[in-house]
Every structure is written in C-alpha cells, then in structure tokens.
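Below is one structure, written out as structure tokens, with a few remarks after it.
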Amino acid sequence: MAVLVTGGAGYIGSHTVVALHESGRRVVVVDDFSNSSPAAVDALQRLVGGSLVFAPVDVTDPDAVDRLFVDHDIDAVIHFAAFKAVAESTEQPLRYYRNNLDATVTVTEAMVAHGVRRMVFSSSATVYGEPERVPVDETFPTGATNPYGWTKFVGEQILRDASAAHGLDVVLLRYFNPVGAHPSGEIGEDPAGIPNNLVPYVMQVAVGRLDHLRVFGGDYDTHDGTAIRDYIHVVDLAEGHVAALDALDAGLTGCEVVNLGTGVGSTVLEVVEAAGRAVGHAIPYEIVDRRPGDVERIWADVRRAESVLGWRATRGLDEMLADHWRWQRTHPQGYATPAPVA
Ligand code: UD1
C-alpha cells in the first residue's frame, strides 16, 4: 500500500515525502510543476534511494487522478497541491478558487470512488484571521481575509462534509509559519519571483539577490514593536503529517482539525537576529509601514496535536535558520542553481 502525495515537489510536500519514506511507507508523488521544479523530484530520489513513484499529474484532471488510483495501491492521501500566494490570490481570485477547490474536490471524489478513506489536508492558520487572544486553539472562530484563505476555509468544509457523507477519515492540519530545510541541504523552499514570506526574503538578502529586508511595521504592541508569528521547522511540520497518518492507521475516525505549530511566538526582529547568527553577519533591514492584512500576533495552542497525534515540534528558531541557510547558501538560485563542477 502507498500514500499518494499531491504537490509532493513543493516545499512542505517534498519534506513530507522524506519523512514518509523514513517511516517505512511507499510514496506516490504527483505534481504538475506549476510552482515547483523537476529538480526537486531528482533531489528527493537521491534522498530516498530512488524509491519514489512519480507522476506529472495536474490533480484538477479527473481522468488523470482516476488513473492514479487504478494504477497504484493507494490507501491514504496527503493533499498539498494548491496555489498559495496571498497577494496573487487577490488579483486572480477565480484562478485560485478554480485550482484549489477543483483539486480538492477531484482528489476527494476519486478517493470515494476507489474506497480510499484516509486523507490529510494541508490547511493554514490563516483561517484564524486576527485572533481575539493567543495561543489559538482549534475551536477558535474561523474565516478568511483573502481568496487564498477562503480556499483553505472552504477546502476544510468540503472535507468535513465528505467525511460525514462518505465515511472518510480526515485530519485537517492548520500550519503556522513553516521555515527551514532538510538538514542535507538537498531540498528547500524555492519561491518564484521576489519572496512574499519573511525567511525566504531574508535568505535572499543574505546571498545578495536582494539588497535589504523591509520590516513591515515597527509600531505593533509587542516587546520590540514587530509582529509575532509561530515559526515551525519544516521537518517538524513534515513529521506532523506522518503522525497524522499514524493516528489514522491507529483508528482515528471522522474529521479532526489540528494545529501544527510550536506554541512559541517570535517577532520579526528575533527572526532577523537568528538569521544573522546562522549566516555569520547581520542582515540589513529598514522598518517601513505595516503590510495591509497582517495580524499583530498569533501562535498555536499545541495541546490537541499532542493529545490526538502524539506529536510536538522539537526544533528551535536557530536550527530553522541554520538549516534554511545551508539550503540557500548551496542553492543561491534555488533548484535552478547549477550543480558544482566535480
Ligand atoms: C503569510 C500569509 C498567510 C499564509 C502564509 C504562508 C499574509 C497576510 N499572510 O503569513 O496567509 O498562510 O504566509 O506561509 O500574507 N515580513 C516582513 N518583511 C517581509 C516579509 C514579511 O516584515 O518582507 C513580516 C510580516 O509582516 C509578518 C512576518 O514577517 O509579520 C511573517 O510574514 P510572512 O512570512 O509573510 O507570513 P504571514 O504573514 O504570517
């Protein structure tokens, strides 16, 4: 039996593929490379000794998805494949709704048609918006402030309804802020264009692709005036997916929602300082206006992850930045970096 990983060449998907392999599972990866690179699949094959089955499939294509379930002995699905850029989703909402919701419905329909019951879904803490208090637990009110966020909110609802109607067993994982890379430095985050997210931007400053960081807002009501997030090592996050599958294998039923975070908040300036320690020199920055739509502070209540999945994050901010830097330093242009001459 195998686990189907949609979007398995992406940042979180690729790290989860490695963690699944380490847990002894067979993995079938699909990706259409709309926001990822075939070089990620090559790197994955090196990391897992060539054991991956890979198919270049767009999971909004029902016939292609059906064939995956016919051709492979799939008993669980981890569904990552989605567009994820907040600002782009505001400019191209229909493209985001079409892609992200179509993918979720198509994959779930195929599961129902082929009697596959177990699903882990890639959701986001973005569904909490600006929380009334911190830490946020899974019972907090949810909604969204942009089309990307709505596709996660609606994706969760689609799976809740499918679980109730068709007996699927589903874990909805709400990610906080994933950063870092596999310690091998072979796989990592490779954003297209100028990064929107903090750590990829900082790392491109560190390798000289960008001049300096702009810190969005220095007047928040926090100890250094910058906003607080719950940064989680992508390998911890990947292991959270394995823990979710383990829980499903052990008999977890219905539809569970679980935060994946560390329970610890860090300010933007604390991340910038940790990046400076990892890189070996200070990261130049200036403080500018707040970014519209940003929340002041959010971090996870991690008790449900511990009780339902038996999982907790173990890696701290310095390890996240050191690992992210190893990847970026050896791949200054991401997966497009030419291999070193032997
Ligand atoms: C963002 C998205 C969120 C998405 C997540 C995916 C927004 C409003 N939210 O979360 O929906 O799920 O990415 O990873 O876009 N920062 C700077 N300078 C920069 C970049 C970021 O100061 O150049 C600050 C931000 O203001 C924020 C923190 O760094 O305080 C983290 O930002 P980011 O990495 O973009 O994550 P989120 O905004 O938390």
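Just so it is clear, the structure is predicted and the values come from calculations on it, not from any experiment. Start at 1 and go down the list; that is how both ligands and their atoms are numbered. All residue numbers in this chain count up from 1 along the given sequence.
Using modelled atom types, one finds a donor on one side chain and an acceptor on the other under 3.5 Å when comparing Thr262 with Asp230. Between Glu88 and Tyr148, the side chains place no donor N or O within less than 3.5 Å of an acceptor N or O (distance only, hydrogens not considered). Of the N and O atoms on the side chains of Asp323 and His233, at least one donor lies less than 3.5 Å from an acceptor on the other residue.
The nearest protein atom to atom 11 (O) of ligand 1, hydrogens excluded, is given as Thr126 OG1, 3.0 Å; this is a heavy-atom distance. Residue, atom and distance of the protein heavy atom nearest to atom 2 (C) of ligand 1 are Val86 CG2, 3.5 Å. The protein heavy atom nearest to atom 17 (C) of ligand 1 is Phe216 CD1, 3.3 Å. Given atom 8 (C) of ligand 1, the protein heavy atom at minimum distance is Asp294 OD1, 3.3 Å. Among all protein heavy atoms, the one lying closest to atom 18 (N) of ligand 1 is Arg214 O, 2.7 Å. Nearest protein heavy-atom neighbour of atom 30 (O) of ligand 1: Ala227 CB, 3.3 Å. Remark: minimum distance from atom 20 (C) of ligand 1 to any protein heavy atom is reached at Asn196 O, 3.4 Å. Distance from atom 4 (C) of ligand 1 to its nearest protein heavy atom, with residue and atom name: Tyr148 CE2, 3.9 Å.
Near Val215, meaning under 4.0 Å from one of its heavy atoms, ligand 1 places the atoms 22 (O).
Taking distance alone, with nitrogen or oxygen atoms compared against 3.5 Å, Leu213 stays at or beyond that limit from ligand 1.
Heavy atoms of Ser124 approach ligand 1 to within less than 4.0 angstrom. Note on ligand 1: Tyr231 sits in its first shell, one or more heavy atoms being nearer than 4.0 Å. Distances shorter than 4.0 angstrom do not occur between any heavy atom of Phe176 and any atom of ligand 1.
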Legend entry - salt bridge (charged side-chain N to carboxylate O under 4.0 Å, His left out) evaluation trace for Asp246 with Arg25: CA-CA 11 Å; Asp246 286 344; Arg25 288 175 169 88; 2.7 Å; yes
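Within a 6.0 Å radius of CZ in Arg312, other residues, nucleotides and ligands contribute 12 heavy atoms or fewer.
Closest heavy-atom approach to atom 13 (O) of ligand 1 within the set Asn177, Asn197, Val268: this belongs to Asn197. Selection from Thr90, Thr222, Leu198 by nearest heavy atom to atom 34 (O) of ligand 1 gives Leu198. Around atom 35 (O) of ligand 1, the closest heavy atom drawn from Glu189, Arg291, Lys152, Arg229 belongs to Arg291.
With respect to Asp137 and Arg304, no salt bridge is recorded, no charged nitrogen being found less than 4.0 Å from a carboxylate O. Contact check on Arg160 versus Glu156 returns a salt bridge, with a Lys/Arg side-chain nitrogen under 4.0 Å from an Asp/Glu carboxylate oxygen.
Distance check, rounded to the nearest 0.5 Å: CZ of Phe153 to OG1 of Thr142 gives 4.5 Å.
Checked against the 6.0 Å centroid criterion, the rings of Trp299 and Tyr231 do not qualify as a close aromatic pair.
Classification of the His241-Tyr175 ring pair by plane angle, with boundaries at 30° and 60°, yields tilted.
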